[in-house]
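Scroll down for the structure; my scribbles are underneath it.
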2 protein chains.
Amino acid sequence: MYYLIDQCSINEVKPLSPRKSAQDELTKATIIDVARELFVTSGYPSFSMRKLATKLGCSHGAIYYHFKNKAELFYEIVTQDFLTLDQVLEDVLSTPTNSNEEKLYSILFEYIRFGLTHQPQYEVMFLIKDDEIKGYLLEAPNKSYLHFANAVAHLATKPLSPKDIWSLFIGIHGFVTHYCRTETTFEDVKILAQSHVEFLLKALK
Amino acid sequence: MYYLIDQCSINEVKPLSPRKSAQDELTKATIIDVARELFVTSGYPSFSMRKLATKLGCSHGAIYYHFKNKAELFYEIVTQDFLTLDQVLEDVLSTPTNSNEEKLYSILFEYIRFGLTHQPQYEVMFLIKDDEIKGYLLEAPNKSYLHFANAVAHLATKPLSPKDIWSLFIGIHGFVTHYCRTETTFEDVKILAQSHVEFLLKALK
DNA sequence: CGCTTTATTGAACAGTGGTCAATAAATATA
DNA sequence: TATATTTATTGACCACTGTTCAATAAAGCG
């Protein structure tokens, strides 16, 4: 059976085409790009492999040729976001005009900005409980934290204990987490973010 | 068609019984109890209405006679936990031997204890993004926070701004959130919880 | 007893992630 | 160029999920 015959209309023929012509072939990169867009605009819960396939113009099975499963696909998406977050911290550190105290403030503030301007990603990076995804992320969240901790340790006016740095992070993380859940924009809590960062920094003095 | 005839064996007859005898009838209370147990022992992601039905010894359809949907069932489960959390705070406040400073410490510490000894519940109460569940919870999380905020305001040695109380809460919430994701027991981070609370309290001075 | 209300069943529906035999385009080989 | 092999795609299928609902029988009532 090589053809699916549309039995309603007359003689319309639809060839089975188990492979697309070269110019239409899927690539990992395009799948990731389209997946990210779908995921970022409509959120993780509404995302599905079938919706992604529709948006890609392919069958859902095709995606599984390029990615072992949904978790691997999401891993590859947020891998880029871990790099972005690293870069955010790097950018703060390499701003020459600011004092270390200002940089410390900025590290915390910009972390919040990243979290709230990348809510779906932050969720997958640091909040999701899905074992399959955690199995792919492995030490990525921890590595990201170490980067943060290093930056903070470097900038503090007096030596900080690992516990203090951890509490600082947890305090910032709590802020992002809460406003992720309520789907509040960064702009809407910018002022609150400032006072929260100031609050946490008071604990260091 | 009144009977399902087992066509393999000879003449075995299985009556349809669209209502159980009185002693076996479901009640909201028993559904909630069994659901809570299933939910608390195996977590929210593994929970399903069909597994619950199996554990109850009924069909999954029956549950929908007593609860509009899964979200309503979970709402009724965690409603009890919101009361428990209120009680935790109340118990701290009504401990006569402690100073206000000690009570403030205990409020924060006991909040963490509650969160980490009720992880699946805490998740549904404060972390879940499911719109259906949030639609049932409505102001419950906020009401719970106000209870917390009141207690803190009452105990502080100097007047605190609403922002400071909020930052305190967010700091505690972040701690619980993180160790919920990593499924760490309270006992395993008890010492860390102490130092985190002390860190946050330093910000008040 | 008969009528109504109530509680239960399980088939059915639309959705999910994931697998895989069948297949044809692309590529390598003779 | 012809043939064989590799590669990428399809869609039926599986086992799940939450939810709905007609059919049904037990319980309660007049």
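Letters A, B, ... are given to chains in the order of the sequence lines, protein chains preceding strands, and every chain is numbered from 1.
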**Prompt:** Is Thr95(B) reaching over with its side chain to a backbone N or O of Asp91(B), donor-acceptor style, under 3.5 angstrom?
**Reply:** yes

**Prompt:** Would you say Ser42(A)'s side chain and Phe39(A)'s backbone share a donor-acceptor pair under 3.5 angstrom?
**Reply:**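 No, the answer is negative, given that no donor and acceptor are paired below the 3.5 Å cut-off.
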
Between [N] ([atom2]) and [X] ([atom1]): distance, integer Å:
{"X": "Met49(B)", "N": "dC16(D)", "atom1": "CE", "atom2": "P", "result": "18 Å"}
{"X": "Leu52(A)", "N": "dG17(C)", "atom1": "CG", "atom2": "P", "result": "10 Å"}
{"X": "Ile133(B)", "N": "dG18(D)", "atom1": "CD1", "atom2": "P", "result": "11 Å"}
{"X": "Lys20(A)", "N": "dT6(D)", "atom1": "NZ", "atom2": "P", "result": "25 Å"}
{"X": "Glu132(A)", "N": "dG18(C)", "atom1": "CD", "atom2": "P", "result": "6 Å"}
{"X": "Asp24(B)", "N": "dA25(D)", "atom1": "CG", "atom2": "C1'", "result": "15 Å"}
{"X": "Phe47(B)", "N": "dG18(D)", "atom1": "CZ", "atom2": "P", "result": "8 Å"}
{"X": "Asp131(A)", "N": "dG17(C)", "atom1": "CG", "atom2": "P", "result": "17 Å"}

**Asked** Quick one, which residues of residues 58-70 of chain B touch DNA chain C with a heavy atom under 4.0 Å?
**Response** Cys58(B), Ser59(B), His60(B), Gly61(B), Ala62(B), Tyr65(B), His66(B)

**Complete:** Walking DNA chain C from its 5' end, the first of Arg50(B) and Thr27(B) to be reached, judged by nearest nucleotide, is Thr27(B)

**5'-most by nearest nucleotide on DNA chain D - Lys51(B) or Ser21(B)** = Lys51(B)

**Prompt:** Going by modelled atom types, is there a donor-acceptor pair between the base of dT7(D) and the side chain of Arg19(A) at under 3.5 Å?
**Reply:**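 Flag set: donor-acceptor pair detected.
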
**Prompt:** Who pairs with Lys28(B) by side-chain hydrogen bond (donor to acceptor under 3.5 Å, both in side chains), at least two apart in sequence or on another chain?
**Reply:**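 Scan of Lys28(B) (side-chain hydrogen bond (donor to acceptor under 3.5 Å, both in side chains), adjacent residues dropped) gives Glu76(B).
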
**Item:** Qualifying salt bridge (Lys or Arg N to Asp or Glu O under 4.0 Å) pairs with a residue from residues 35-55 of chain B, counting only residues at least two apart or across chains
**Value:** Arg36(B)-Asp81(B), Glu37(B)-Lys55(B)

**Message:** Just checking Trp166(A) against Tyr145(A), ring centres under 6.0 Å apart?
**Reply:** yes

**Request:** Please confirm whether Phe47(B) and Phe74(B) have ring centers closer than 6.0 angstrom.
**Result:** yes

**Item:** Parallel, tilted or perpendicular, as decided by the 30° and 60° cut-offs, for the rings of Phe126(A) and Tyr122(A)
**Value:** tilted

**Message:** Among dA26(C), dT24(D), dA7(C), which nucleotide has an atom closest to any side-chain atom of Glu25(B)?
**Reply:**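 Per side-chain heavy atoms of Glu25(B), the pick is dA7(C).
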
